[in-house]
*Asks:* 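My structure is below; once you've seen it, I'll send some questions.
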Amino acid sequence: MKLQPIITSLLETDLYKLSMGQAIHSQFANYRTTWSFKCRNKNVTFTPEMVEEIREQIKAYCDLHFTEEELHYLDESIVWFKSSYVDFLRLWKPRFEEFEITAGGECGLSIETKGSWLNTSMYEIPTLAIVNEVYFRMAYNYEELFESFKKHLTAKLKRIEKGGDLWLSNFSEFGLRRRLSAQAQELAVKTLCEADYEASHFVGTSNVFLAKKYGVKPVGTMAHEWIMCVGQGNHKHNPAYSNWYAMEAWVQEYGILNGIMLTDAITTDCFLKDFNLTYATLFSGARHDSGDPFEWGDKMIAHYQKLGIDPKTKTLLFSDGLNFEKADKITRYFKDRVQVAFGIGTYIANDTDVEALNIVMKTTACNGMDVAKISDSSGKGMCKNPAYVDYLQRCIDWRMEHE
């Protein structure tokens, strides 16, 4: 291993992985999933040296275990975590045997993980953080990149601090999976914690390790994998009802706690078929991750009003490729109509003089069968079987036309 270890704590993951992990542990411990890596940048190539470094970094990550101090933090700080799940984490560690890392793939890097959903779900975020940092440290002069990162961070913060021209309302840092480096993300979180705001408010970070270190709120609810696996992993289910199954299981686990619902796993229009008065009341809001944010927000507000719910009592969380300027426009557009919040990732954690990586690691199979996402914008899915995507789309279309 040529670089220092990149992931040094199992807390260095996004909160929603642990929250989904508890629900998986309680209700779906026998589910098995396959995850596949993809780099969407067309001009990026991982060298054999990078692939070997990524392999060694993941090996080092797989040697980690939760410390008692970390487990105590989870037990005491996250109100919805059960002691039984914390006890499970005491025994849990990653398994390198469940990784397949080769120099294949269009970009020169192929990563696939297979195993229990409990295990493989936890691998996504650390793996992407490792891939990012290895690439930027080995493909560029890292010190120069880090200097440009600091310059950009200083400039953008001036616009949201007291006296700045941008108004963000509540926002969180979501950049772990695509950060320039651990050093860069920590600097960003530390700087955001210390900034002096007036019309913006820094709520916290999805990185549980940094939330603990800096005494801020760890944030995040669920990912698309929850809806895809719960809704499509049981082969008796009609996948057009994936959202209903996912919400039912989430409420069973958390009740009214931890309730921001993703809407675009199988299109927002199909989601709204299941987002009835009960669920719309129990969930504190919804998250936007694809499609036009203004059209989506108007649609959500109209849906709440149709159900007789005051939209001002609900939160719309936006998280799709945001920067401060976009967040400001969204805030002003929905002012006095609904509460808005933002999860901002790459723009905070990997804004340098070079293009950031657009890398993902997605669930591609659950319990031996394909799973897929059909979001509100094209190009976000990763299913390996076009026939299954066609089947899922036909299920959605039939429901939308006949129900």
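All values below come from the heavy atoms of this structure, side chains included, with hydrogens, waters and symmetry mates left out.
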*Asks:* Using 30° and 60° as the class boundaries, would you call the ring planes of Phe318 and His288 parallel, tilted or perpendicular?
*Replies:*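 The rings of Phe318 and His288 sit tilted, inter-plane angle from 30° to 60°.
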*Asks:* For Phe275 together with Phe271, are the ring centres under 6.0 Å from each other?
*Replies:* yes
*Asks:* What are the two closest heavy atoms between Leu168 and Ser200, and how far apart are they?
*Replies:* N-OG, 2.9 Å
*Asks:* Listed by chain and number, what are the salt bridge (charged side-chain N to carboxylate O under 4.0 Å, His left out) partners of Glu295, not counting sequence neighbours?
*Replies:*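 Applying salt bridge (charged side-chain N to carboxylate O under 4.0 Å, His left out) to Glu295 gives none.
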*Asks:* Salt bridge between Lys59 and Asp63, side-chain N to carboxylate O under 4.0 Å?
*Replies:* no
*Asks:* For Glu12, which of Lys212, Arg179, Arg177 qualifies under salt bridge (charged side-chain N to carboxylate O under 4.0 Å, His left out)?
*Replies:* Arg179
*Asks:* Is a side-chain donor-acceptor pair under 3.5 Å present for Tyr245 with Gln232?
*Replies:*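 Side chains of Gln232 and Tyr245: no pair found under 3.5 Å.
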*Asks:* Can you confirm if the aromatic rings of Trp226 and Phe28 lie within a centre distance of less than 6.0 Å?
*Replies:*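 Yes, they do, as the ring centres are separated by less than 6.0 Å.
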*Asks:* Glu198: which residues meet the salt bridge (charged side-chain N to carboxylate O under 4.0 Å, His left out) condition with it, sequence neighbours left out?
*Replies:*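 So Glu198 forms no salt bridge (charged side-chain N to carboxylate O under 4.0 Å, His left out) with any residue.
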*Asks:* I need the Leu176 CG to Ser206 OG distance, nearest 0.5 Å.
*Replies:*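 Rounded to the nearest 0.5 Å, the CG-OG separation comes to 6.0 Å.
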*Asks:* Considering all heavy atoms of both residues, which atom of Lys93 and which atom of Leu64 are nearest to each other, and what is their separation?
*Replies:* CB-O, 3.5 Å
*Asks:* In this structure, is the centre-to-centre distance between the rings of Tyr347 and Phe324 below 6.0 Å?
*Replies:*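 Close enough - the centres of the two rings lie under 6.0 Å apart.
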*Asks:* What I want to find out is whether Glu53 reaches Arg137 closely enough, with some N-O distance under 4.0 Å, to be called a salt bridge.
*Replies:*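 No salt bridge links Glu53 with Arg137.
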*Asks:* Could you pull out the closest heavy-atom pair between Ala23 and Tyr254, with the gap in Å?
*Replies:*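 The answer is N-OH, 4.1 Å.
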*Asks:* Examine distances only and state if a side-chain atom of Lys314 and a backbone atom of Ala280 form a donor-acceptor pair shorter than 3.5 Å.
*Replies:* yes
*Asks:* Would you say CD of Glu97 has more than 12 non-hydrogen atoms from neighbouring residues, nucleotides or ligands within 6.0 angstrom?
*Replies:* yes
*Asks:* May I ask you to decide if Val134's main-chain N or O and Gln57's side chain share a donor-acceptor pair within less than 3.5 Å?
*Replies:*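 Absent.
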*Asks:* Taking the basic N atoms (NZ, or NE/NH1/NH2) and the acidic carboxylate oxygens, is any pair closer than 4.0 Å for Arg337 and Asp298?
*Replies:* yes
*Asks:* Are any non-hydrogen side-chain atoms of Tyr123 and Phe99 less than 4.5 angstrom apart?
*Replies:* yes
*Asks:* Can you classify the ring geometry of Phe46 versus Phe37 as parallel (below 30°), tilted (30 to 60°) or perpendicular (above 60°)?
*Replies:* perpendicular
*Asks:* Taking the basic N atoms (NZ, or NE/NH1/NH2) and the acidic carboxylate oxygens, is any pair closer than 4.0 Å for Asp87 and Arg90?
*Replies:*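 Yes, Asp87 and Arg90 are salt-bridged.
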*Asks:* Has the side chain of Arg40 got a donor or acceptor atom that lies under 3.5 Å from a matching backbone atom of Val360?
*Replies:*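 No: the side chain of Arg40 does not pair with the backbone of Val360.
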*Asks:* State the CD-OH distance between Gln393 and Tyr388, to the nearest 0.5 angstrom.
*Replies:*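 Result: 12.0 Å between the selected atoms.
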*Asks:* Under 4.0 Å between a side-chain nitrogen and a carboxylate oxygen: does that hold for Lys190 and Glu194?
*Replies:* yes
*Asks:* Would you say the side-chain atoms of Asn243 pair up with the backbone N or O of Thr268, donor to acceptor, closer than 3.5 Å?
*Replies:*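 Between the backbone of Thr268 and the side chain of Asn243 there is no qualifying donor-acceptor contact (under 3.5 Å).
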*Asks:* Measuring only between side-chain heavy atoms, which start at C-beta, is Thr315 closer than 4.5 Å to Ser284?
*Replies:* no
*Asks:* How long is the gap from OG on Ser116 to NE2 on His25, to the nearest 0.5 Å?
*Replies:* 10.5 Å
*Asks:* Quick check on ring-ring contact (aromatic ring centres under 6.0 Å, His included): which of Phe294, Trp167, Trp296 does Tyr333 satisfy it with?
*Replies:* Phe294
*Asks:* Heavy-atom distance under 4.5 Å between the side chains of His224 and Asp264, does that happen here?
*Replies:* yes
*Asks:* Return the CG to NE2 distance between Asn350 and His152, rounded to the nearest 0.5 Å.
*Replies:* 11.0 Å
*Asks:* To the nearest 0.5 Å, tell me how far Thr113 OG1 sits from Asn119 CG.
*Replies:* 9.5 Å
*Asks:* Applying salt bridge (charged side-chain N to carboxylate O under 4.0 Å, His left out), name anything that partners Glu100, two or more places apart in sequence or on another chain.
*Replies:* none
*Asks:* Between Arg399 and Asp274 (salt bridge meaning N to carboxylate O under 4.0 Å), is one present in this structure?
*Replies:* yes
*Asks:* From Leu272 CG over to Lys306 NZ, what is the distance, rounded to the nearest 0.5 angstrom?
*Replies:*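 Leu272 atom CG to Lys306 atom NZ measures 8.5 Å (nearest 0.5 Å).
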*Asks:* Just by distance, with hydrogens left out, do Ser319 and Asp289 show a side-chain donor and acceptor under 3.5 Å apart?
*Replies:*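 Yes, side-chain donor-acceptor contact under 3.5 Å.
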